[in-house]
2 protein chains.
Amino acid sequence: MIEDEKNTDINNKDLDEETLFVVSQTFKALGDPTRIRILHLLFHSEYSVNGIAEALKLRQTTVSHQLRFLKNLRLVKYRREGTTLFYSHDDEHVMNVLEQTIQHACHS
Amino acid sequence: MIEDEKNTDINNKDLDEETLFVVSQTFKALGDPTRIRILHLLFHSEYSVNGIAEALKLRQTTVSHQLRFLKNLRLVKYRREGTTLFYSHDDEHVMNVLEQTIQHACHS
DNA sequence: TTAAAATATGAATATATATTGATATATACA
DNA sequence: TGTATATATCAATATATATTCATATTTTAA
């Protein structure tokens, strides 16, 4: 069998570019302490931007920037109520991975 | 109940510093495409440093640096055979999380 | 339509990180 | 002991990223 440069072979031990991109982006999102804290907070319930900032003692602008990051990856979503935006998590798989790993880190 | 600055309260929605550090380091390791490719390769079997470099078309020095990174986090280990070092994965939980997420990314 | 409140955006800065070429170290063996 | 092979380390560079201040946008209500 001729080796495929573009690596479409299902048996190939290397990953295709698109999968690699998605996976690395996902883990990159979970690789920052601030984003971890935000996601972990949202695990329990929805929060407004200021609510997150107060709960975690972060600046509003920091929270907003990180929420945009998480939103772009569809890891969070929001609903509007007046001028307030309530954010909640939007990816069960990622939340499971996060909480699993937190538990694993705590109990070891 | 008085709020604890150091956040030792088990009901607190924020994470303690040590857990946060371990979790973020772990995900940071998985947040880089090169390290993902290396770990995914090691999922199947052990490889020498040059073996990894050849399989993934990376430079020896790049592979060596990333292996040191992964070794520091105890995500990989190695055994020596002459001048050759055979690396293999050393954290079942992290490998499960990685492979799960790869499967999730492929089939969606 | 003006003000206030909540959130988002832009630009700047500081820090972290990945890769690389050059070189050092370590092991085996002639 | 000297050489070849495999791997690790160092230093430099380029790029990515997180945070911040200042300001813009959006929505509501007076």
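A, B, ... follow the sequence lines: proteins, then strands. Residue 1 opens every chain.
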Next item on the list: May I ask you to say what A/Y87 touches in the nucleic acid, namely base, sugar-phosphate or nothing, with a heavy-atom cut-off under 4.0 Å?
Entry: sugar-phosphate

Notebook entry, point to check: So what does A/F86 hit on the nucleic acid, given a heavy-atom distance under 4.0 Å: a base, only sugar-phosphate, or nothing?
Noted result: nothing

Whole Å only: how far is the [atom1] atom of [X] from the [atom2] atom of [N]?
{"X": "A/R68", "N": "C/dG10", "atom1": "CZ", "atom2": "C1'", "result": "9 Å"}
{"X": "B/Y47", "N": "D/dT7", "atom1": "OH", "atom2": "C1'", "result": "19 Å"}
{"X": "B/E54", "N": "D/dT7", "atom1": "CD", "atom2": "C1'", "result": "14 Å"}
{"X": "B/L67", "N": "D/dT9", "atom1": "CG", "atom2": "P", "result": "11 Å"}
{"X": "A/Y78", "N": "D/dT26", "atom1": "OH", "atom2": "P", "result": "11 Å"}
{"X": "A/L20", "N": "C/dA18", "atom1": "CG", "atom2": "P", "result": "14 Å"}
{"X": "B/I38", "N": "D/dT7", "atom1": "CD1", "atom2": "P", "result": "13 Å"}

Notebook entry, point to check: So which of A/T62, A/L70, A/V76 actually passes side chain to side chain contact (heavy atoms under 4.5 Å, CB included) with A/I38?
Noted result: A/L70

Note to self: Strictly under 4.0 angstrom, non-hydrogen atoms only: write out the protein contact profile of nucleotides 12-24 of chain D, one letter per nucleotide from the 5' end, B, S or -.
What the structure shows: -----SSSBBB--

Check: Got a sec: does the CZ of A/F69 have more than 12 other heavy atoms crowding it under 6.0 Å?
Finding: yes

Next item on the list: Let me know, please, whether A/E81 or B/S48 comes out on the 5' side of the other along DNA chain D by nearest nucleotide.
Entry: B/S48

Next item on the list: Assign the ring pair B/F43 / B/H40 to parallel, tilted or perpendicular, where the plane angle (0 to 90°) is split at 30° and 60°.
Entry: parallel

Item checked: Results of side chain to side chain donor-acceptor pair (under 3.5 Å) for A/R79 - residues two or more places apart only -> A/E46, A/E81

Check: Has the side chain of B/R37 got a donor or acceptor atom that lies under 3.5 Å from a matching backbone atom of A/L15?
Finding: no

Check: Between D/dT7 and B/N50, is there an OP1 or OP2 to side-chain N/O distance shorter than 4.0 Å?
Finding: yes

Notebook entry, point to check: Any salt bridge between B/R74 and B/D91, counting N to O under 4.0 Å?
Noted result: no

Next item on the list: Among D/dT7, C/dA8, C/dA5, find the nucleotide with the atom closest to the side chain of A/T83.
Entry: C/dA5

Item checked: Centroid separation A/Y87 to A/Y78 less than 6.0 Å -> yes

